[in-house]
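Report on the following structure.
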Amino acid sequence: MQIENRIERQIESLLEHNIIRDRSYLDDEQLFRNEQFKVLKAIFYVNVRQKEIDGLSAHFAPIFRDDHPIHLSILGKTGTGKTVTILYFLNLIRNLCTKKNIPIRYIYLDLTTPKPCFRALNDLACFLDASKRYKKGISLDELMCRIESKIQTLQGYFILLIDEIDHVRRDMDSFLKFLVKRLPQRVNVRLVLIFTSNKLNWMEAIDPRVKSFLKINEMVFNPYNALDLKKILSLRIEKALHPGGIAEGVVEKIAAISSRTHGDARKAVELLSKSAQLAEKEGKVITVEIVDKALEEIEQDKYVAMIRASPKQLQAALFAIITGSKHSTKVLHTGDAYGRYRSFCDRIALRALTQRAFSDLVSELDMCGFVQARLRSHGRYGRTKEIAVHLSKELIKKLKQVVLMEFDLNPRWP
DNA sequence: TGTCCACAGGAAATACGGGGGT
DNA sequence: ACCCCCGTATTTCCTGTGGACA
């Protein structure tokens, strides 16, 4: 009875302090492309990315003069809106062309997750309706021929947007060779390739013979500044939150933090989202203090996510180190750490690696920022790494739980 | 000054596993 | 179905090293 009352009251208070109106506007993944375009339109309307849009217009203007634009390479860090801007723009162009009766078709080839040449071409073929999805059994050449003959049936302009081109593993050269050299020679459509990458120098790695063939225009998307981010965030807030759910100066703060550290719009929205969640849980409006807390929590989540995604061995190594350095409050030497690691491995029936391999694990943990390992000599008493953990108490606790869960253990171990 | 500790970390060998070719 | 090849993970082997101590 009491419990029921309490739950009821809690739900009421949550509803009363409801801050989020539509969560999907805080999470890009959940937004339909149509909605995304609407949001974007609003963003471009307030002159964010104006320069880039102008650049794109200039690049594609030849289409309307019955001319052939050269290829385009778009560079810029993650979260600078490369993909979304260009997609929006292509959509516009297509509508415009339809109005003017210019045949045009564009395809978005998403390589966000790395794949080999075969997969990438297979994806392309699928979009073109030229072939089924194969895992193997069909030669690259066959695949290329099918794509060619399909494209052969098209008229006018064919725009191929390849997102994150540098994610083509292994045989990027044959992939590019096909697109840049072979394809244009064998089809009638005017092919325009658009590459996206966050590596400024991705072109340096490609075969010079292909490269010399590749007439390309480069375009750089710079990270957003605080002003742009503020505009972007304001639009999201308008859609996603109830009015009055956010305190004075919070938008400015999020924009300032984000522009200073990365200029990534996605991360800025993420910070906003986390703040809103926290505020709702505490039944308050979003304040600058809550933003700070959200920032910290996002930071912690990164560590947790990273260790979750890591191999078991690394998890075990981390566990051995964080439990080891805790009660002695001091640094841990490699030998001791390795001993702890071994006994932990025994306990969880994991095959323990050699000390040599363990040492590499420690280096990896160091690089990821879980621990600090510095080489120190104790003279006669040997040379060893001193491993220290500089993570907050809560985070250590969280990480321990995560690792133990990964190993299916109950959270009790000395 | 030489010794020697307790490892670091490079190189090569080996094990493993999956995908492609036939 | 089978084999081969290649990339990656791990082991084995090895040489190198800063400085306290005698």
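Chain letters run A, B, ... following the sequence lines, proteins first and then strands; every chain starts at 1. As the structure is a computational prediction, the values presented were derived from the model and not from experiment.
Per the geometry, CD1 belonging to A/Ile387 stands 11 Å off C1' belonging to B/dC7, to the nearest Å. Spacing between atom CE of A/Met367 and atom C1' of B/dA8 amounts to 16 Å, rounded to whole angstrom units. Atom CG of A/Leu375 is separated from atom P of B/dA6 by 15 Å (rounded to the nearest Å). Nucleotide C/dT11 holds its P atom 10 Å from the CZ atom of A/Arg342, rounded to whole Å. In this structure, the CG atom of A/Leu314 is 13 Å from the C1' atom of C/dA9, given to the nearest Å. Whole-Å rounding puts the A/Arg376 CZ to C/dG19 P distance at 10 Å. Following rounding to the nearest Å, A/Glu386 (CD) and B/dA8 (P) show an atom-to-atom distance of 12 Å. Between A/Phe358 atom CZ and B/dA6 atom P the separation is 17 Å, expressed in whole Å.
Aromatic rings from A/Phe158 and A/Tyr106 are positioned such that their centres are separated by 6.0 Å or more.
Side-chain N or O atoms of A/His262 include one that pairs as donor or acceptor with a backbone N or O of A/Asp264 at under 3.5 Å. Between the A/Glu297 side chain and the A/Asp292 main chain, no donor and acceptor come within less than 3.5 Å of each other. Distance alone, capped at 3.5 Å, is enough to place a donor-acceptor pair between the A/Ser343 side chain and the A/Gly339 backbone.
Side-chain polar atoms of A/Asn188 and A/Gln152 form a donor-acceptor pair below 3.5 angstrom.
OP1 or OP2 of C/dT11 sits under 4.0 Å from a side-chain N or O of A/Arg351. Using a 4.0 Å cut-off, no side-chain N or O of A/Lys385 falls inside it from OP1 or OP2 of B/dA6. Using a 4.0 Å cut-off, no side-chain N or O of A/Thr384 falls inside it from OP1 or OP2 of B/dA6. Look at A/Ser377 and you won't find any side-chain N or O under 4.0 angstrom from OP1 or OP2 of B/dA6.
Each of A/His378 and A/Ala352 has a nearest nucleotide on DNA chain C; the 5'-most of these lies closest to A/Ala352. Both A/Thr334 and A/Arg380 lie near DNA chain B, and the one whose nearest nucleotide falls closer to the 5' end is A/Arg380.
Candidate nucleotides C/dC13, C/dT10, C/dT17 were compared by shortest atom distance to the side chain of A/Leu353, and C/dT10 ranks first. Side chain of A/Tyr381, nearest nucleotide from C/dC21, C/dT12, B/dA8: C/dC21.
Put simply, the side chain of A/Arg383 and the base of C/dT17 share a donor and an acceptor less than 3.5 Å apart.
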